[in-house]
Each structure stands twice: as C-alpha cells, then as structure tokens.
Engineer: 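First the structure, which I've put down as structure tokens, then a few questions once you've had a look.
Computed from a predicted model, the values in this text were never measured in an experiment.
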Amino acid sequence: MGPTVILVGLLLAVGQAEAARFDPTSPPPAVRQAADVSAPPAPELTWVRVAGKHSIAWYGGRVVHLGESIDGGRVVAIREDRIEIQRAGERQVIPLWSPVTRVQRR
C-alpha cells in the first residue's frame with residue numbers, strides 16, 4: 001500500500017468523523033450562543049375565533065376565553081387581529097401577527 005492510498009484513507013476517515021458531528025439543521029454557532037443567553041420567548045397569539053361572548057384564542061400554548069385570568073391580568077377583548085389583556089389599570093394589546101413577520105404592502 002503506497003503513501004497516497006494511506007493519505008486518502010486518512011482524509012476520508014477524518015472527513016467522515018467531521019460529517020458525523022455536523023448537523024445541517026442546527027443554527028450557526030453565533031445564533032446558538034445568542035439564543036442561550038436571551039430571556040425565554042414571550043407567549044405568542046397563534047389564532048383567534050371570534051364568536052361574541054364565546055370568543056376564544058390560542059395564546060401561550062393554550063386556549064384562553066374572554067374574561068379569563070391569564071398572566072396576572074384578564075382577557076378583556078378578543079378581536080380578529082389581537083387580544084387585549086387588562087392588568088393593573090393598563091391594557092396590553094397582543095397582536096395575532098408579529099410585526100416582524102407582517103408583510104408590508106406598498
């Protein structure tokens with residue numbers, strides 16, 4: 001066996017070991033590090049069903065009803081594009097679509 005064959009075999013072995021550690025679905029290292037130090041994500045509003053007093057929404061991974069207590073407040077409105085939570089005299093509006101994902105039409 002010549003030195004060229006041994007070198008090629010060694011390179012293939014190293015390449016396979018590196019390929020076994022590589023995950024093409026994982027985010028780049030800089031993104032992983034940023035995600036590790038950030039706060040947990042805020043609950044998201046995923047969908048709403050508007051039906052008067054029987055309106056419901058999927059917020060923070062569960063169904064919430066109009067008037068229900070949640071996150072230290074009470075759901076006071078469920079609209080087509082948002083829910084509103086009343087907390088300590090302040091109303092928080094939670095949009096159905098994140099401003100980051102909303103498409104701007106010109």
Engineer: Please determine if Glu84 and Arg74 form a salt bridge, counting it only when a charged side-chain N lies under 4.0 Å from a carboxylate O.
Structural biologist: no
Engineer: If you round to the nearest 0.5 Å, how far is CZ of Arg79 from CD1 of Ile94?
Structural biologist: 14.0 Å
Engineer: Are Leu45 and Leu66 connected in a single hydrophobic cluster, I mean Ile/Leu/Val/Met/Phe/Trp/Tyr linked by side-chain heavy atoms less than 4.5 Å apart?
Structural biologist: yes
Engineer: Begin from the C-alpha positions of His65 and Ile56 and carry the test side-chain contact (heavy atoms from CB on, under 4.5 Å) through to its verdict.
Structural biologist: CA-CA 5 Å; His65 298 83; Ile56 59 173; 3.3 Å; yes
Engineer: Honestly curious: do Ile78 and Ile70 fall in one hydrophobic cluster under the side-chain, below-4.5 Å linking rule?
Structural biologist: yes
Engineer: Should the heavy atoms of other residues, nucleotides or ligands under 6.0 Å from CD of Gln92 be counted, would the total exceed 12?
Structural biologist: yes
Engineer: Before giving the answer on side-chain contact (heavy atoms from CB on, under 4.5 Å), spell out for Ile85 and Val76 the whole-Å C-alpha distance, their side-chain angles and the decisive distance to 0.1 Å.
Structural biologist: CA-CA 6 Å; Ile85 300 175; Val76 294; over 6 Å; no
Engineer: For a 4.5 angstrom cut-off between non-hydrogen side-chain atoms, does Asp81 reach Pro95?
Structural biologist: no
Engineer: What is the minimum heavy-atom distance between Pro43 and Gly60, and which atoms define it?
Structural biologist: CB-CA, 3.7 Å
Engineer: Drop me the distance from Gln86's CD to Ser69's OG, to the nearest 0.5 angstrom.
Structural biologist: 12.0 Å
Engineer: Working note: Glu80 + Arg49, criterion side-chain contact (heavy atoms from CB on, under 4.5 Å); need CA distance, chi angles, decisive distance, verdict.
Structural biologist: CA-CA 7 Å; Glu80 291 86 5; Arg49 185 181 129 227; over 6 Å; no
Engineer: Go through the steps to decide whether Ile83 and Tyr59 satisfy the test side-chain contact (heavy atoms from CB on, under 4.5 Å), and finish with yes or no.
Structural biologist: CA-CA 9 Å; Ile83 64 172; Tyr59 174 68; 3.9 Å; yes
